[in-house]
Amino acid sequence: MALIAAAGVAGLFGMPAAEAQTIKAVMHSDVKILDPIWTTAYIQRNFGYMVWDTLFAMDEKFQVKPQMVDKWEVSPDKLTWTFTLRDGLVWSNGQPVTSEDCIASIKRWAAKDSMGQKMMASISGFEAVSPTTFSIKFKEPYGLVLESLGKPSSNVPFMMPKKTADTDPNTQIKVEDVIGSGPFIFKADEWKPGEKLVFLKNTKYKPRAEPASGLAGGKVAKVDRVEWIAMPDVQTQIGALQNGEIDMIEAPGIDLLPILAKDKNIKLFDANPLGNQYAFRFNTLFKPFDNPKIRHAVMVAFGQEDFLKATIGDPKYYKVCKAPFVCGTPLGSDEGMADVLNQNAAKAKELLKEAGYDGTPVVLMQSTDLAVLTNLAPVAKAQMEAAGFKVEMQSMDWQTLVGRRAKKDPPDKGGWSAFLTSWVSADIINPVMAGFFNASCDKAMFGWPCDAEIEKLRDAFSKETDPVKQKEIAMALQKRWVEAPTHINVGQWYQPVALRTNIDGMLVAPVPVFWNMTKK
């Protein structure tokens with residue numbers, strides 16, 4: 001911790017905090033966890049982008065570009081990929097970034113991430129060729145190497161020092177091990193959970209020469225300091241933004257957007273035009289959702305519009321969309337979904353009876369502190385009860401839910417049956433990237449679905465390079481998923497960012513990032 005604090009002070013050359021150019025932002029959640037590999041929660045992902053860099057990154061057009069990597073080559077047999085890092089990359093403590101650091105970081109990320117797990121299954125080994133060059137050796141040609149290493153959102157393959165990356169992936173990293181490779185430094189001694197997080201410009205960071213685009217290009221920190229202010233009440237957020245006490249709200253309440261749109265000192269910015277997707281996640285380890293037929297019955301019982309009306313309200317900011325891989329993308333299709341997501345309670349009741357549902361209560365977790373999620377669980381409860389389920393809804397804040405969903409305790413002993421969350425669309429545009437489609441049993445994300453047919457199709461997709469054949473595989477997988485769902489998509493929605501008009505340079509990206517931003 002002392003190293004981090006010292007590095008931060010040096011980065012400002014002794015400039016008092018009051019004189020530093022500071023952006024104050026209210027993010028969608030408070031930060032109580034610092035490890036973006038241990039959890040997929042987006043606030044930890046956002047934290048990760050402040051502190052760490054990546055080998056590759058996606059630009060605004062969803063093209064994968066090199067980031068920490070300078071050059072790479074692929075052997076003629078396509079089994080060996082060799083990567084060379086850019087010159088001059090150092091950690092925020094001044095130590096050089098090495099091949100060993102990158103190898104350890106890839107391994108830790110791949111142990112947790114859906115896309116990483118699939119890639120690792122085709123890898124035979126790694127080699128540190130030199131301090132700044134390493135290779136990945138594959139057992140067979142693999143079609144998603146750069147797409148995996150440039151994955152834009154949770155989990156992100158952030159590069160960390162080997163000491164940090166050697167932490168067991170199921171154990172959170174320590175505060176003192178938050179040693180970054182990115183454009184900002186975490187000021188650990190100013191962290192006050194429930195109040196604020198502070199980041200300082202990392203003067204040791206070497207950005208790329210290209211212009212910033214999406215999550216790629218030059219990550220130039222143009223302000224000295226960024227503060228994330230914890231402010232859960234949406235009305236208080238709006239008042240603070242209007243009064244100039246804060247500069248940005250990541251996720252302003254949708255119902256308050258008309259008020260903000262009329263304020264000449266505030267602008268609304270659509271940083272993520274592809275939007276987001278709501279998802280209902282099953283815990284398949286325990287009754288009743290260990291039975292795929294019962295999970296399918298929920299998909300029949302659900303209708304998306306009630307979820308979207310309850311949370312978003314304004315049709316300008318939502319879309320009814322059955323396509324699990326997102327409407328408006330190459331794999332966006334509702335093929336095989338004609339009989340689901342129609343809110344057919346009568347049919348769902350018949351299916352529950354056929355499946356032998358015995359009245360086991362569904363322990364449904366509800367997060368209450370994020371406006372875009374709070375009203376989802378009551379809608380799920382109502383639609384499930386209409387179909388004959390018994391539902392016990394338990395309310396908690398989002399960070400508590402994030403911790404609880406990782407537990408495998410039975411639902412009646414502190415565990416859970418289901419919860420609702422949201423994915424940024426860039427996370428779920430194919431079946432290997434989309435974490436909730438991972439059905440590899442114990443290796444899958446929380447919920448731990450186990451389906452050999454889904455995994456066989458995900459394997460086939462990962463090794464296919466022909467887009468036409470990839471779509472055929474994805475549609476076959478989609479039809480199987482309808483029969484044995486790992487989760488249910490319950491609608492697409494859009495969230496503008498609210499900014500003071502003196503803030504410029506925010507990038508169009510699926511993640512809110514603070515490099516390139518200026519304050520007049």
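For the numbers below, each heavy atom of this structure counts, side chains included, while hydrogens, waters and symmetry mates do not. Please read these numbers as outputs of a predicted model, since none were measured by experiment.
Annotation: the span from W416 atom CH2 to L364 atom CG amounts to 10.5 Å, rounded to 0.5 Å. Taking CD1 from I428 and CZ from F325, the interatomic distance works out to 9.0 Å, rounded to the nearest 0.5 Å. In this structure, OG in S425 is found 10.0 Å from CH2 in W493, a value given to the nearest 0.5 Å. In this structure, OG1 on T486 lies 8.5 Å from CZ on F282, to the nearest 0.5 angstrom. We find the NZ-OG distance between K219 and S181 to be 8.0 Å, quoted to the nearest 0.5 Å.
Between the side chain of T284 and the backbone N or O of W448, at least one donor-acceptor pair lies under 3.5 Å. Looking at S135, its side chain never comes within 3.5 Å of a backbone N or O of W81 through a donor-acceptor pair. Between the Y278 side chain and the V372 main chain, a donor and an acceptor come within less than 3.5 Å of each other. A donor-acceptor pair under 3.5 Å links the side-chain atoms of D113 to the main chain of N155, judged by distance alone. Under a 3.5 Å cut-off, the side chain of Q67 and the backbone N or O of L55 do not form any donor-acceptor pair. Checking side-chain atoms of E250 against main-chain N and O of P512 turns up no donor-acceptor pair under 3.5 Å. With R281 contributing its side chain and F436 its backbone, the two residues share a donor-acceptor pair below 3.5 Å. Distance alone, capped at 3.5 Å, places no donor-acceptor pair between the S122 side chain and the F138 backbone. Judged purely by atom type and a 3.5 angstrom limit, S213 has no side-chain atom pairing as donor or acceptor with the backbone of A216. For the pair T329 (side chain) and I429 (backbone), a donor-acceptor distance under 3.5 Å is absent.
The shortest distance between side-chain heavy atoms of N46 and V511 falls below 4.5 Å. Two residues are said to be in side-chain contact when any heavy atoms from C-beta on lie closer than 4.5 Å; P324 and M337 meet this criterion. Side-chain contact between P510 and L274 is absent, with no heavy atoms from C-beta onward closer than 4.5 Å. Under the 4.5 Å side-chain criterion, counting only non-hydrogen atoms from C-beta, Q95 is not in contact with P161. In this structure, the side chains of I136 and F126 come closer than 4.5 Å at one or more pairs of heavy atoms. Contact check for L341 versus I488: side-chain heavy atoms found under the 4.5 Å cut-off. Residues D189 and K187 meet the side-chain proximity criterion, which asks for heavy atoms closer than 4.5 Å. With a 4.5 Å cut-off on side-chain heavy atoms, C102 and V97 count as touching.
Between F199 and F184, the ring-plane angle classifies as perpendicular under the 30° and 60° cut-offs. Under the 30°/60° scheme for interplanar angles, the aromatic rings of F47 and W228 are found to stand perpendicular. Using cut-offs of 30° and 60° on the angle between ring planes, the pair F83 and F56 is perpendicular.
In this structure, a donor-acceptor pair under 3.5 Å is absent between the side chains of Y42 and N276. S440 and R458 share no side-chain donor-acceptor pair at under 3.5 Å. With 3.5 Å as the limit, one finds no donor-acceptor pair spanning the side chains of W52 and S105.
With sequence neighbours left out, the side-chain hydrogen bond (donor to acceptor under 3.5 Å, both in side chains) criterion links N489 to no other residue. Applying the side-chain hydrogen bond (donor to acceptor under 3.5 Å, both in side chains) rule to K162 yields the partners D166; only residues at least two apart in sequence or on another chain are considered. Residues passing the side-chain hydrogen bond (donor to acceptor under 3.5 Å, both in side chains) test with K118, sequence neighbours excluded: E455, D459.
Classification of E483 and R480 as a salt-bridged pair holds, one side-chain N sitting under 4.0 Å from a carboxylate O. Ion pairing of E227 with R225 is present here, as a side-chain N (NZ or NE/NH1/NH2) and a carboxylate O approach within less than 4.0 Å.
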Worked verdict on S422 versus L373 for side-chain contact (heavy atoms from CB on, under 4.5 Å): CA-CA 8 Å; S422 180; L373 297 181; 4.2 Å; yes
I123 vs M120, test: side-chain contact (heavy atoms from CB on, under 4.5 Å). Steps then yes/no. CA-CA 5 Å; I123 290 175; M120 281 297 291; 3.7 Å; yes
Go through it in stages, so that I can follow the logic: the residues are V326 and Q492, the test is side-chain contact (heavy atoms from CB on, under 4.5 Å), and I'd like the CA-CA distance, side-chain angles, deciding distance and then a yes or no. CA-CA 8 Å; V326 185; Q492 216 162 300; 3.6 Å; yes
E60 vs L507, side-chain contact (heavy atoms from CB on, under 4.5 Å): CA-CA, chis, key distance, verdict: CA-CA 8 Å; E60 186 177 332; L507 295 164; over 6 Å; no
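Heavy-atom minimum distance, W109 versus G116: CH2-CA, 3.4 Å. Across D397 and S367, no two heavy atoms sit closer than the pair C-CB, 4.5 Å. When all heavy atoms of P431 and L331 are compared, the pair lying nearest together is CD-CD1, 4.0 Å. A pairwise comparison of heavy atoms in N430 and M115 identifies ND2-CE, 4.4 Å as the closest pair. Contact between M433 and P152 at its shortest, heavy atoms only, is CE-CD, 4.3 Å. Across S153 and Y49, no two heavy atoms sit closer than the pair N-OH, 4.4 Å.
No more than 12 heavy atoms of other residues, nucleotides or ligands shown are found within 6.0 angstrom of CG on D442. For D70, the CG atom is densely surrounded, since the number of other residues' heavy atoms within 6.0 Å is greater than 12. Residue-environment remark: CG (D87) stays at or below the threshold of 12 foreign heavy atoms within 6.0 Å.
Sorted by first and then second residue, the side-chain hydrogen bond (donor to acceptor under 3.5 Å, both in side chains) pairs with a member in residues 465-477 form an empty list; sequence neighbours excluded. A side-chain hydrogen bond (donor to acceptor under 3.5 Å, both in side chains) check over residues 504-516, counting only residues at least two apart or in different chains, returns the pairs K222-N516, K267-D504, D504-K520.
No option in F280, W423, F437 other than F437 meets the ring-ring contact (aromatic ring centres under 6.0 Å, His included) test with H487. Screening K322, Q478, K479 against E335 for a side chain to side chain donor-acceptor pair (under 3.5 Å) leaves a single residue, K479.
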Using atom types as modelled, flag every donor-acceptor pair under 3.5 Å from a side chain in residues 33-41 to any protein atom, sequence neighbours excluded.
from: D35; atom 1: OD1; to: I37; atom 2: N; distance (Å): 2.9
from: D35; atom 1: OD1; to: W38; atom 2: N; distance (Å): 3.2
from: D35; atom 1: OD1; to: R108; atom 2: NH1; distance (Å): 3.2
from: D35; atom 1: OD2; to: R108; atom 2: NH1; distance (Å): 3.4
from: D35; atom 1: OD2; to: R108; atom 2: NH2; distance (Å): 2.7
from: D35; atom 1: OD2; to: I173; atom 2: N; distance (Å): 3.0
from: W38; atom 1: NE1; to: N170; atom 2: O; distance (Å): 3.2
from: T39; atom 1: OG1; to: A41; atom 2: N; distance (Å): 3.1
from: T39; atom 1: OG1; to: R405; atom 2: NH2; distance (Å): 3.3
from: T40; atom 1: OG1; to: R405; atom 2: NH2; distance (Å): 3.2

